[in-house]
Asks: 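So that we are looking at the same thing, I have put the structure below in structure tokens.
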Amino acid sequence: MLRPAYKSLVKASLLQKRLISSKGSKLYKPSPDSASTILLSEDPLVAASSSSSSATSGIINSNDFPLFNKNSQNTTNTTSSQWNNTSDLEFDPFNKSHASAITTMTRTRDVMQLWSLLEACLQSHLMKRAFSILESLYMVPEHKHRFIEDYNMYLNAFSKNEPTFPILKMNEKLTNDLETNFKDINYNDKTLAIMIHHALNFHSTTSSMLLIPTISAYLKMSVNSVREILSNLDILTVSDLNILVNDLKIISPSQLPNSVKPILESLALSSTPVNNIPNEDGSKKLEVKDGSSEERKVDVNHGSMKTASLDPLREVSLNGSTEVLPKDAEKLIAVDTIGMRVIRHTLLGLSLTAEQKEQISKFKFDANENILNMKPTQDDNSDTSINFFEIYNSLPTLKEKKAFESALNIFNQDRQKVLENRATEAARERWKHDFEEAKARGDISIEKNLNAKLWRWYNDMLPLVKEEIKHCKSSLSEKPTDKKGLTKVEINRLGYGPYLTLIDPGKMCVITILELLKLNSTGGVIEGMRTARAVISVGKAIEMEFRSEQVLKSESQTFRDVNKKSPEFKKLVQNAKSVFRSSQIEQSKILWPQNIRAQIGSVLISMLIHVAKVSVQGVDPITKAKVHGEAPAFAHGYQYHNGSKLGVLKIHKTLIHQLNGERLIASVQPQLLPMLVEPKSWINWRSGGYHYTQSTLLRTKDSPEQVAYLKAASENGDIDRVYDGLNVLGNTPWTVNRKVFDVVSQVWNKREGFLDIPGAQDEMVLPPAPPRNSDPSILRTWKLEVKTIANKFSSDRSNRCDTNYKLEIARAFLGEKLYFPHNLDFRGRAYPLSPHFNHLGNDMSRGLLIFWHGKKLGPSGLKWLKIHLSNLFGFDKLRLEDRVSFTESHLEDIKDSAENPLTGQGWWKTADKPWQALATCFELNEVMKMDNPEDFISHQPIHQDGTCNGLQHYAALGGDVEGATQVNLVPSDKPQDVYAHVARLVQKRLEIAAEKGDENAKILQDKITRKVVKQTVMTNVYGVTYVGATFQIAKQLSPIFDDRKESLDFSKYLTKHVFGAIRELFHSAHLIQDWLGESAKRISKSIRLDVDEKSFKNGNKPDFMSSVIWTTPLGLPIVQPYREESKKQVETNLQTVFISDPFAVNPVNARRQKAGLPPNFIHSLDASHMLLSAAECGEKGLDFASVHDSYWTHASDVDTMSVVLREQFIKLHEVDLVLRLKEEFGQRYKNYVKIGKLKRSTDLAQNIIKIRKDLSKKLGRNTTLADEIYFEKKRQELLNSPLVEDRNVGEKMVTTVSLFQDIKDLDALELENGGDEKSGMSVLLPLRLPEIPPKGDFDVTVLRGSQYFFS
Amino acid sequence: MSIPIPGIKDISKLKFFYGFKYLWNPTVYDKIFEKLDLTKTYKHPKELKVLDLYPGVGVQSAIFYNKYTPKQYSLIERRSSLYKFLQANFVDSPLQILKKDPYDWTTYSDLIDKDKVFVPEFQSPERINDSFLTVANVTGEGSEGLIMQWLSCIGNKNWLYRFGKMKMLLWMPSTTARKLLARPGAHSRSKCSVVREAFTETKLIAISDADELKGFDSKCLEEWDPILFSAADIWPTKGKPIALVEMDPADFDFDVENWDYVTRHLMILKRTPLSTVMDSLGHGGQEYFNSRITDKSLLKKCPIDLTNDEFVYLTKLFTEWPFKPDILMDFVDMYQTEHSG
DNA sequence: CCGCTAATTAGTGATATAAGTAATAGAAAATCT
DNA sequence: CGATTTTCTACCGACAATATCACTAATTAGTAT
């Protein structure tokens, strides 16, 4: 283990040397005879950790270990060396921290470019070009230790490309490559796997006699273990392994990777071997020591698969369903569906009504035929769709339900696969179908039918794309050297070309068309979209398609010979496949750079612009005659906004009108729809959620730092509990509430405004313009008016579009069982991955969703259902009994609402959250019909919301009794209403002020309601400023005062009082807020010692680079990503696009770091609380969902959940989290320094001056703070050196910073910013954090008894 | 009776100029007025009414008054330090000092229509109005927009331009002057140069930095022969150079709304030949204009090379386009306020 | 074949754009003298 | 180092200004030895 570490140290020191000499650093460079030579010792051990370019060790240092990890409190030395051993100079473009990244970023960019080139060349079988790319990659020094992977990729492609290449020749080539071309590179186990695969597959060219010794030799050559070789499932197919284990018996099954072991075991039992290789007798099983540890257990699809094993499928025989093996992976997909007769058979075996049975027998259980209800017909009850939910509900016994679910699951597994992979093709097929139908009816119908039109565009666009790809390929095959004489287009092509060749042109056309339709009316543009957004979206969609295609292809490849077997076997394969997929998704290392995405998008869009035409009508302004013609459907242009140009992609009006009346379900990115089966469990930071689409655990904001920390935590196993919680959220099955859907659908089709759904408007109606020569002020008023109308119009339209999407998705999932895969924002809060329609959406989305599973209300359930309704009406601050009686006093209204939602009194519409109220009314109405209401099977999620959850956490943190009481942490017979309380306090203040004769107070006195202060109290937790709060209050006050100016003045006055009242009431919370803010400020203004040269380029003014980082109680590392943003213009076909440069290393944005820490810290806590509760509820078998601080479960389970969430809250706050945070900060920012002021008169200051003078003499110039940092850095390195003599030298060293070591109360010496100018001087001070505010006596465990804590 | 001219000593006591700069050197003013030769336009200066916007320290106002003693000379200055300065320096003078904001449109409607403090005489647009002159100093870097708005008022014939062709003597940053006066093909040619060309007859009178001249068209400079003075003649001294421009409204006859749309959109891609740039005017623009433009050499030109006459020609074609876009205004809603309750 | 210089180009940074400071105004941080 | 000017303006999910020109660094071409 020491060897690589040492190596890297040498490299690091070399790198640093180069850095300093090449850039002409201002840093101190001692002459060789200077006394401080030792500081720049060439000793690698000294130089090592100092190097600003030593990759991960740069920022993820010893202190950065998550504190909640077991051994983290140990001596920093050991952890530090651990880091160096495991991650030294690791070259991974994602594993970059800001401070360290800069030197290698340019190289990273090059390597990424080379990778994609390589990938493209291999894909296009340009082996020679690929080889020369390999040679280039070999030249990148940081990349060498990863180089073998690229070589393997090449070798594998080579093997496929030259199937008849004899293994001996192959071996020769390998030897030659590694010994002459890439001398520094050693093969690894994957290389061996490729060789074995080659030997096996092309054994016709290898004599059988040779085969076994050859393979044995390769196995013996293993670098780590035989097991490691065999685990390369992307190389060795299942049939390869089968031969090795079952036929040749060269290896024992125990050495197989876990995921395929069962398959092979079952293959071994089967009588017919997959291959007919004779079993040679004398072949020994190779026994190789296997030191590798057990793989991390991967439990994918646990629930569904377990239940599936006891289903009746077992009894169904499947013989006779043999089909010809397809060679092509594409075709495999279609064949790879289960014999659907089996499912049908199973289903028909259940107790169903005759009608249901008929439905099922008619239904084609073919995933390709029935992806979802996406037919463009408006007919919801077409024969082809089945309401699975209804059938499921009608089944009488649990056992039958289970059986049904398991059969459905198998069907859905296939459908999910098709959904994620073939949706674009499905869309294309549909266009074609519609086109042909329309064609039969005549040309006019083609123009009228949107899909037919799209089919035309597709057909016109396809040849262009193909042509472009041809160009790309030819430019790929040319030597890259002869760039001369290339046009701009061609040069651009060199950039994006490699990527473009990777995807099927037809798919790209479909994706482009769909994306543009989807983006209609976004970005505040009236008839179109922003170009920047369009090009990037298309680029992203293409990339996503490529990803899933890759995963699918390699999956088919590996499992190609094992597709059709018995159902049990099928299940084994499905399991193995999902494990395989995880690893594949993980492996894809190339994320396309943003500029490439934009370029690809623009190329495709410009082609579409070129071909897509609509027929238009216009009036000739001269002859006034109607003119018909053809115009491009899309046009690229610009708009100005405040003098800034904005690229716009306009959609022709006729097309927009057509789109308004269409069902556009297909243009929702199919990869991101809700899932039909349980999401893949989260097992590491980039594997979980969708089956074929990669998503990351954390929504990072293009911040390599965040990724680096997350990755470290993930690999360390620190965040398993996070995964648990997230998996519970993902595994909650939902379905669409059909009753609510029907109501929404009716309303929608009327095209009128309803609740918060805006009505449909085809044309914008603007007031007539005043004459041009009117007074400028009149013209201005008119312009303003017009602008407001236009904005309203565009926001209404986009709102309606959004609602349309929600509805369409809901419609597609009617009667289906659906799941929402989740991931986290950077603070740890969970969000569904699927956009548009999910339970975090607006009231309508929530109203449309119910749990798939139903549970009997039981005794408490009914009560909670009633309470729920009351809450939805806004009466959530009443006693529970009163809420129940509220509902009971409206039974008639409920009945009317449920039975005549649109024609009746419409009581439900008066609720705060009408759609959810309606859903609840539907259930309650059914309940009332029952003889025994407790037997009612409820699907309605019941919410339990924290009252001002942020303040609850603050109160718990501060042990603040008063605050805790206000937010219901303390048991009470009735819930506290914070907002009302604050309003009362404000009122009191006003009364006092009014008595003193304050005019403002007199006027405002009686106008203070709960509503006026609510938003301000809420946002106060998020650190709203005085100005912001003023606006909020002004908005509330505006109906009272006519004059806006007046209203604002009053608001200003009132805000002061509201702030005062809040501060008074939640004093402790504010102290913590202030402490967090101050800490964040100091951290983001601190300097890391091994700071990069760049950040100190201007002598005494560094760029501050340290962001605030902490670890949540769940072990999730949180990095505040706020940095100064650097955006660059990127050239594309259409225009330049302004995007942030992912390779930039930017200083932190101290202001945002400061403003963000208090809310982010609290949110990280509430997220932890939620995930803990989710995991716990999951273990208790509850269905659980959440919207941050609102926890949802079945009515019958509310009591259980209540206990869980209280216990988890207590558990969370048992430790003093603030203290813990301070300790973590202390550790992490231990040796950081800040710039402060010191009294010149003190001894300390005089000593510093002396040191500076000495140094200045040596340098022959004035010293800078940078020089001081440099020496302190050296000192720290010496102190941390493994060599005793180094440490001794370090201890004797005196630097301006070391002087502070023995000083006790720095506070006395340091001048606050108010200090007088002459007596203070700027010095480097050690970073100190403010003292944490004292904790109060509140005992968090009392909330066990608080019934209104969450309610 | 002549009005005392504020000296640099008093002026330099003032610190805040809100980014505006003022020429204080009377000798330069003498040259300027000599060059302007205002009596040519204003045959009867005694009948002249002068509106002085942002007079600042009032040096120019005093000199002007002393030279021509017009019928009415009103200074509109709202910035309190400068207003106080003016009041202190012009006690008992015929100069009328009004504390109003020249930025605000209502200032003018109040002045003219409501309070009738300053009522210019309308004159038919056959010649320059010889009883009404506006003098303004809009040298603030951030106030360029105001000049542009005034320019568009010429096109609209509203604001002060409802009284006919009113001459304006306008101080502005030299960069603004360069933009406005740029001729076809010049680097700084932009939409506002076209606006100036379309609506006005404009001359550069004076400029505070000879170096700046290289940004102007040399032929024009020959004709204008502007007066050069130095940064030392300005207060505050620091900052960018300024220029004085004489701006007379001109005759024009075209559909301003369409013309505005065409120029605005074409000038975005000002280096793209017309043969391809027309698409940015709307769906199928290229095809339409390529078929309509008969002079193929025009198609090879870029928007930056076009004269206003050519823009007017393109506008004509545009208005005749059956499929021209029906929304000519830019509506981009960048800040949709988030709803919360 | 190598070294040198001229010439070209690729890359970066600066500036202008439109034209009522978006509905608004006072504190805090950054910059300059 | 204090005054002045600039920069904000509640968190997260979230989603973005662009054309052109001047200038510089880097690469290539060219030519002569």
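Sequence lines set the chain letters: A, B, ... in the order given, protein chains first and strands last, and positions in each chain run from 1.
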Asks: Would you say B/S190 reaches C/dT17's phosphate, i.e. side-chain N/O to OP1/OP2 under 4.0 Å?
Replies: yes
Asks: For C/dA27, does either OP1 or OP2 sit under 4.0 Å from a side-chain N or O belonging to A/Y1026?
Replies: no
Asks: Please classify the nucleic acid contact of B/D330 as base, sugar-phosphate, or nothing, using heavy-atom distances under 4.0 Å.
Replies: nothing
Asks: From D/dA10, C/dT17, C/dA23, pick the nucleotide closest to the side chain of B/E144?
Replies: C/dT17
Asks: Any side chain to side chain donor-acceptor pair (under 3.5 Å) involving residues 1156-1165 of chain A? Give me the pairs, sequence neighbours left out, ordered by first then second residue.
Replies: A/R827-A/N1160, A/R827-A/H1163, A/R829-A/H1163, A/W1110-A/S1164, A/Q1120-A/N1160, A/Y1122-A/N1160
Asks: May I have the distance from B/E141 (atom CD) to C/dT15 (atom C1'), rounded to whole angstrom?
Replies: 12 Å
Asks: Going by side chain to side chain contact (heavy atoms under 4.5 Å, CB included), name the residues that satisfy it together with B/R78, two or more places apart in sequence or in a different chain.
Replies: B/K99, B/D101
Asks: Test of understanding: with ring pair (Phe, Tyr, Trp, His ring centres under 6.0 Å), list the residues that count as partners of A/F826, not counting sequence neighbours.
Replies: none
Asks: Is any side-chain N or O of A/K783 closer than 4.0 Å to OP1 or OP2 of C/dA19?
Replies: no
Asks: Tell me every residue that passes ring pair (Phe, Tyr, Trp, His ring centres under 6.0 Å) with A/Y831, counting only those two or more places apart in sequence or in another chain.
Replies: A/H1188
Asks: Using a heavy-atom cut-off of under 4.0 Å over every strand shown, decide if A/D825 touches base, sugar-phosphate, or nothing.
Replies: sugar-phosphate
Asks: I'd like to know if A/Q1032 reaches the base of D/dA10 with its side chain such that a donor and an acceptor end up less than 3.5 angstrom apart.
Replies: yes
Asks: Given atom CD1 of A/I1033 and atom P of C/dA25, what is their separation to the nearest angstrom?
Replies: 15 Å
Asks: If the condition is side chain to side chain contact (heavy atoms under 4.5 Å, CB included), which residues does A/F1138 pass it with, not counting sequence neighbours?
Replies: A/K1127, A/Q1129
Asks: Using the side chain to side chain donor-acceptor pair (under 3.5 Å) criterion, which residues pair with B/Y108? Sequence neighbours excluded.
Replies: none
Asks: Can you tell me, in whole Å, how much space there is between the C1' of D/dC11 and that of C/dA19?
Replies: 35 Å
Asks: Given the C1' atoms of D/dT31 and C/dA7, what is the spacing between them in whole Å?
Replies: 13 Å
Asks: Which part of the nucleic acid does A/K1127 contact within heavy-atom distance under 4.0 Å: base, sugar-phosphate only, or nothing?
Replies: sugar-phosphate
Asks: Report which part of the nucleic acid B/L146 touches: base, sugar-phosphate, or nothing (heavy-atom distance under 4.0 Å, all strands).
Replies: base
Asks: Is it true that the side chains of A/Q599 and A/T1132 contain a donor and an acceptor less than 3.5 Å apart?
Replies: no
Asks: With the side chain of B/D104 defined as its heavy atoms from C-beta on, choose the nearest nucleotide among D/dA16, C/dG20, D/dG13.
Replies: C/dG20
Asks: Let me spell it out: for each of A/A1155 and A/G643, pick the nucleotide of DNA chain D with the closest heavy atom. Which residue's pick is nearer the 5' end?
Replies: A/A1155
Asks: Base, sugar-phosphate, or nothing for B/Q149, non-hydrogen atoms under 4.0 angstrom?
Replies: base
Asks: The side chain of A/F1138 lies closest to which of these nucleotides: C/dT21, C/dA23, D/dT18?
Replies: D/dT18
Asks: Please give the distance between the C1' atoms of D/dG13 and C/dA27 as a whole number of Å.
Replies: 30 Å
Asks: What's the gap between C/dA18 and D/dA14 when it is taken at their P atoms, as a whole Å value?
Replies: 34 Å
Asks: Nearest to the B/R264 side chain among C/dA19, C/dA16, C/dG20, which nucleotide is it?
Replies: C/dA19
Asks: Rounded to whole angstrom units, what separation is found between the CG atom of B/L180 and the C1' atom of C/dA18?
Replies: 13 Å
Asks: Treating B/S193 as the side-chain partner and B/K179 as the backbone partner, does any N or O pair qualify as donor plus acceptor under 3.5 Å?
Replies: yes
Asks: Between D/dG30 and C/dG3, how far apart are the C1' atoms? Round to whole Å, please.
Replies: 12 Å
Asks: Check whether any side-chain nitrogen or oxygen of B/K191 sits under 4.0 Å from OP1 or OP2 of C/dA18, and answer yes or no.
Replies: no
Asks: If only atom types and distance count, is the side chain of A/S1190 paired as donor or acceptor with the main-chain N or O of A/S1186 below 3.5 Å?
Replies: no
Asks: Can you sort out the partners of B/R178 under salt bridge (charged side-chain N to carboxylate O under 4.0 Å, His left out), two or more places apart, ordered by chain and number?
Replies: B/E212
Asks: With DNA chain C as reference, determine whether B/K240 or B/S143 sits nearer its 5' end, using the nearest nucleotide of each.
Replies: B/K240
Asks: Is any side-chain nitrogen or oxygen of A/Y1022 closer than 4.0 Å to OP1 or OP2 of D/dC11?
Replies: no
Asks: Taking the nucleotide of DNA chain D with the nearest heavy atom to each, does A/A532 or A/Y1122 sit closer to the 5' end?
Replies: A/Y1122
Asks: Tell me, what's DNA chain D's dot-bracket, Watson-Crick or G-U with both distances under 3.5 Å, | for other-strand, [ ] crossing?
Replies: .||||||||.......||||||||||||||...
Asks: Test for a donor-acceptor pair under 3.5 Å between the base of C/dG20 and the side chain of B/Y103, counting only N and O atoms.
Replies: yes
Asks: Give the C-alpha distance, both sets of side-chain angles, the deciding distance and a yes or no for side chain to side chain donor-acceptor pair (under 3.5 Å) between A/T1019 and A/Q1032.
Replies: CA-CA 10 Å; A/T1019 54; A/Q1032 294 169 2; 3.2 Å; yes
Asks: Just to verify, what does A/S644 make a side chain to side chain contact (heavy atoms under 4.5 Å, CB included) with, not counting sequence neighbours?
Replies: none
Asks: Could you state the CG-P distance from B/L151 to C/dA18, rounded to the nearest angstrom?
Replies: 12 Å
Asks: Between the protein and nucleotides 7-9 of chain D, are there any N/O to N/O pairs under 3.5 Å, and if so, what are the atom names and distances?
Replies:
{"unit_1": "D/dT9", "atom_1": "O3'", "unit_2": "A/T1025", "atom_2": "OG1", "d": "3.4"}

Asks: Which listed nucleotide (D/dA16, C/dA29, C/dT17) is nearest to the side chain of A/Q594?
Replies: D/dA16
Asks: Keeping the roles fixed (side chain from A/Q1153, backbone from A/V1108), state whether a donor-acceptor pair exists under 3.5 Å.
Replies: yes
Asks: The side chain of A/R699 lies closest to which of these nucleotides: D/dG13, D/dA17, C/dA19?
Replies: D/dG13
Asks: Base contacts versus sugar-phosphate-only contacts with protein, heavy atoms under 4.0 Å: please encode nucleotides 20-27 of chain D as B, S and - from 5' to 3'.
Replies: BS------
Asks: What's A/F1161 touching, base or sugar-phosphate or nothing? Going by heavy atoms closer than 4.0 Å.
Replies: nothing
Asks: OP1, OP2 of C/dA23 versus side-chain N and O of A/K787: anything below 4.0 Å?
Replies: no
Asks: Expressed as a whole number of Å, how far does the P atom of C/dA14 sit from that of D/dT5?
Replies: 23 Å
Asks: Which of the following nucleotides, C/dA16, C/dG20, C/dA22, is nearest to the side chain of B/R178?
Replies: C/dA16
Asks: Just to be sure I understand the rule, does A/V1137 reach a base, reach only the sugar-phosphate, or reach nothing, if contact means heavy atoms closer than 4.0 Å?
Replies: sugar-phosphate
Asks: With nearest nucleotide decided by heavy atoms, which residue, B/G145 or A/A1150, maps closer to the 5′ end of DNA chain C?
Replies: B/G145
Asks: Go through the structure and list residues passing side chain to side chain contact (heavy atoms under 4.5 Å, CB included) with A/H1070, not counting sequence neighbours.
Replies: A/N1020, A/I1062, A/R1063, A/F1066, A/Q1073
Asks: Is a side-chain donor or acceptor of A/R530 paired with a backbone partner of A/G523 at a separation under 3.5 angstrom?
Replies: yes
Asks: Give me the distance, rounded to whole Å, that separates D/dT33 from C/dT5 when you measure between the P atoms they each carry.
Replies: 14 Å
